[in-house]
Each structure stands twice: as structure tokens, then as C-alpha cells.
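Heads up: the structure comes next, in C-alpha cells.
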Amino acid sequence: MKNLIVAKFGGTSVADFDAMSRCAEIIINEPKIRVVCVSAQSGVTNKLVRLTQADVTFAERDNILAEIRAIEYAIVERLGNPEWVRLALENLLAELKDVAHSDSLVGSMRLKDQIQSFGEQMSSLLFAEVLRQQKIHAVNFDIRQVLKTDANYGKAEPNIELTKLQAEKLIAPELEGTVFVTQGFIGSDEQGHTTTLGRGGSDYSAALIAEALEADTLQIWTDVTGIYTTDPRLTKAARPIAELSFDEAAEMATFGAKILHPATLIPAMRRSIGVFVGSSRAPKEGGTWIYKKVDNKPPYRAIALRKDQVLVTVKSPNMLLASGFLAKVFGILAAYKISVDLVTTSEISVALTIDNPANSTHSGLNKAVLQELSEFSEVTVEENLSLVAVIGNHLQAKSGVGGRLFSALENFNLRMICQGASAHNFCFLTQSEDAPKVVEHLHEQLFDSI
Ligand code: ADP
Ligand code: ASP
Ligand code: MG
């Protein structure tokens, strides 16, 4: 749809009434924003995840429910307490309490997704009301009617065709004169059960909706003024990047730049939708534009850091001169839907890294996988590792890249050094405790002199 902008507001952007009011101003100033996708208020999804964990006590559960209620009510009270919003919120809180007390919760990935969906359901309810009080014709729309997924709870895969059909049927005809406020992160499967796209998934939701409605632009509003040369929390020297290509931004997201969910750029790339990333606190400061092609392609663009990596080494003397060993290892991982990031091989072993994020109900490595691998090999698992990725252009063709990176890092232990699969990245593992220093040193070496 021409002239349509889909805007996503992240957790800190909708954290409280004042933050929501700043987002409302962005929408008032840009009439092309017709679809708004919100995250849960900052911190709420972590609390919801905690409710689903086996070791949560009764007292802690009640505390968490009370904390969530307080976050929501702090906003309702600033809204002048419209009775119907209060009622709608009470219904959601009652439903949440029911699921949180269900005996089957700990063993059910489906109920875990249902619990996690309440954050976005509540924030969209309240944000739509904030907009209406600013005289915007806003409706709170349940995205589960549109964003259809498989039933892989915790990390559901969208059904692109069905999502498009539903968006064309239920959203497109009503867009004239209405702002749809909807939930990021959640969808529903064929049975109508609630699913989630994985932590940080609201960016991906917004991109999928933008694709389904053929929007011109996707705006990602967050707490930083665009995408920086590295996470600004890691070094003060980090600086914003004005323009990035889809390929560069996708590599950054894949390798841990939390500012974008790893899959966000996939729908944008399919339809060449321009993506803007900026701060809802400082919208006038501009941000980063991501396009299919950009003129400036520097060899070094950014550094990404992904924590919580597990290194698995699978060793078998039978691998020597034998075929099919790697297929067997990867077949097992695929059967458990475990995705692998870095891979290196020797004559009798293969080493690979797996993401094992904290605060996620979608577990990376589990006992059953290790058991199956151990049936034909010796398996070693190492934790407390972080993946560092240098992102840039033509890294495979430029001389001196290795020398420049390694000389900056001569005092650190680097593992799984990988370059070759992409011209856009150079990756390695390091001990998690060293990771912040490694990024700081590399940043100084690659960017401080420019
Ligand atoms: P939201 O809740 O809006 O989705 P996130 O916390 O998921 O926000 O993402 C924004 C955060 O991403 C920033 O506060 C910043 O610390 C982090 N980040 C990681 N890498 C980068 C980067 N290269 N540029 C900017 N921010 C980054
Ligand atoms: N609320 C979800 C999370 O915290 C999704 C998101 O914020 O993007 O993971
Ligand atoms: Mg995010």
C-alpha cells in the first residue's frame, strides 16, 4: 500500500504514560503511520517468563503478578481511569492469573506462550487509549487474527501467505482514517492457540505486517538514536551509522546487535521496504536508514556481540575418511530445531556454536540432543562464551584484515575463528568475561582513527 508506514515501538518506548505520550506525538506528526506495533512495557516479558519457570514459589508468583498490575495501573491512572479500559485490563489480569496458577504451566510450551502474550496485549490496550485521548481514531487490534504461525511455541515460524491474506482482509480495508494499534511478538497457530516469535520478536512482527500490507517504510522506534558502530552500552566511542545495506544490518542482527531481532530484515528484503531505526525519546535527532543498496561500503562497519553461546564439540574417530558424519550430527540438531551459528571441523571432530539465551522459554541445547549425539561420538560442552562479529564489506578480499584484528587482540584467547561463508563478517568466540574488553579494543582499532 502506497504511503503506508508501519511503526514499531519497543519496551522502553511504551514503558509508562510519559513514554507512550512521546510515541503518540510521533504518530500525530506523521499521518502515514497507520499501523502501530507495540512491545510489552520494558521488563514485563521477563516477569512473565519468570512465572513460567519450575522453581518459582507461590509468594514470588503473587509478587510478580502484583508488580505487573502496578506497571499497568500507573498508566491507567494517568488516563483519567476510563471505566471500560479498567474493565478490559482487569479481564486480562484475571486471565493471566488463571494461567499463572495452572498446574500444567511448567510442562506446557503452549501455556508458556500464552502467558508471555499478556504483556503485549496490555500495552496495546493502553497505548490505543493514549492515542484516542489525543483525538486519534485508534483501534486496538488483536494481531492473532492476522499473524498466523506454526505451532513451534517459543519460536514460531510465520505463515507468510496466510498472514498476507488475513492482513488484506482484516486490516487493509479499514486503514483509511484509522490507526491500528496491535501487538508485536505474538501470533496464533492453526488451532487458534497463541504463539510467540521468540524474545525481541516485536521487530520481526512489525516487519511481517509491513510486508503483508506492502508498506513503503518500517519504522523501529527504540531507546537509541539508530544503529551504532557497536552497542553504545559497551563503549562510549560507539557512534551512529546514517545508512546501512540490508546485508550489513542483517549480519549485525544475526550476530547479536540486540537493536533488531535477527529475522527483522528478511521480510523487508523480500519487498525492499526501507527501514528506519530511531529513538522515540529524541525523534528529531534522526537515526539509521537501511536500504537494499547504499553507496558507501566501508570494509569495517560495526562490531556485534552475542552472549550466552554454547560450544559443542562432537568427536568420533569413525569420522576419519568416512562420509555422512556431519549429516548425522546436523540431522539430529535439525530434528530438535536447533540452529547452529559457527562451525569448524578437523579430521575427527566438528565444533559448533549454539545460542542459549537467558530468559527464553525456547531452550537451545537439551539433554535429549546430547544423549543422541553421545550414542556415536564423544561430546564436550563449553559455556560462558560470547560471539564477537566484525561486520563490513568485502572482508574476504581485503588484505591485512586478519592481522589488523588479531594484533588488537593479542592478549585475549580467541576460539572458533570463522571467515569465509560471507563477505560481510569475521567472527570468533571469546570468554564472556573478556567480551566487553575485546569489543572495546577492536572498536578502538577499527573505528577510532576514522
Ligand atoms: P526495544 O525494547 O526498543 O526493542 P532493545 O533493548 O531490544 O529495545 O534494543 C535496543 C538496545 O540495543 C539498545 O539500548 C542498545 O543497548 C542495544 N544495541 C545492541 N547493539 C546495538 C547497536 N549496534 N546499535 C545500537 N544499539 C545497540
Ligand atoms: N516483549 C517481547 C520481549 O521482551 C518482545 C519484544 O519486546 O520485542 O522479548
Ligand atoms: Mg528489541
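Just follow the structure's listing: the first ligand is 1, and inside any ligand the first atom is 1. Hydrogens, waters and symmetry mates are skipped; everything else that's a heavy atom, side chains included, is used.
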- Message: Among Val312, Ile354, Asp355, which residue satisfies the side chain to side chain contact (heavy atoms under 4.5 Å, CB included) criterion with Ile338?
- Response: Ile354
- Thr149 and Thr195: side chain donor to acceptor below 3.5 Å: yes
- Which atoms of ligand 2 sit under 4.0 Å from any heavy atom of Glu120? 1 (N), 2 (C), 5 (C)
Does ligand 1 have any N/O atom under 3.5 Å from a protein N/O, and what are those pairs and their distances?
unit_1, atom_1, unit_2, atom_2, d
ligand 1, 2 (O), Gly11, N, 3.1
ligand 1, 3 (O), Thr222, OG1, 2.7
ligand 1, 4 (O), Lys8, NZ, 2.9
ligand 1, 6 (O), Lys258, NZ, 2.8
ligand 1, 8 (O), Thr222, OG1, 3.2
ligand 1, 12 (O), Ile259, N, 3.4
ligand 1, 14 (O), Asp223, OD1, 2.8
ligand 1, 14 (O), Asp223, OD2, 3.3
ligand 1, 14 (O), Arg233, NH2, 2.7
ligand 1, 16 (O), Asp231, OD1, 2.8
ligand 1, 16 (O), Asp231, OD2, 3.4
ligand 1, 16 (O), Arg233, NE, 2.7
ligand 1, 23 (N), Tyr228, O, 3.1
ligand 1, 24 (N), Tyr228, N, 2.8

- Message: Under the rule for side-chain hydrogen bond (donor to acceptor under 3.5 Å, both in side chains), what residues qualify as partners of Ser117, not counting sequence neighbours?
- Response: Gln121
- Item | Any side-chain donor near an acceptor of the partner, Glu30 and Gln219, under 3.5 Å | no
- Task: Indicate whether the side chain of Glu248 and that of Asn393 have a donor and an acceptor atom separated by less than 3.5 Å.
- Result: yes
- Query: Does a side-chain N-to-carboxylate-O contact under 4.0 Å join Asp231 and Lys258?
  - Reply: no
- Under 3.5 Å, is there a donor-acceptor pair linking the side chains of Arg86 and Asn91? no
- Note on the structure: ligand 2 atoms nearer than 4.0 angstrom to some heavy atom of Ser39 are 6 (C), 7 (O), 8 (O)
- Query: If every non-hydrogen atom of Ala389 is compared with every non-hydrogen atom of Cys427, which pair is closest and at what distance?
  - Reply: CB-SG, 3.9 Å
- No-hydrogen, no-angle side-chain donor-acceptor test under 3.5 Å, Thr194 and Asp113: no
- Task: Return yes or no for this condition: an N or O of Gly200 is under 3.5 Å from an N or O of ligand 2.
- Result: yes
- Query: What atoms in ligand 2 come closer than 4.0 Å to a heavy atom of Ser202?
  - Reply: 5 (C), 6 (C), 7 (O), 8 (O)
- Message: Under 4.0 Å, counting heavy atoms only: does Gly201 come that close to any atom of ligand 2?
- Response: yes
- ligand 2 atoms nearer than 4.0 angstrom to some heavy atom of Arg199 are 3 (C), 4 (O), 9 (O)
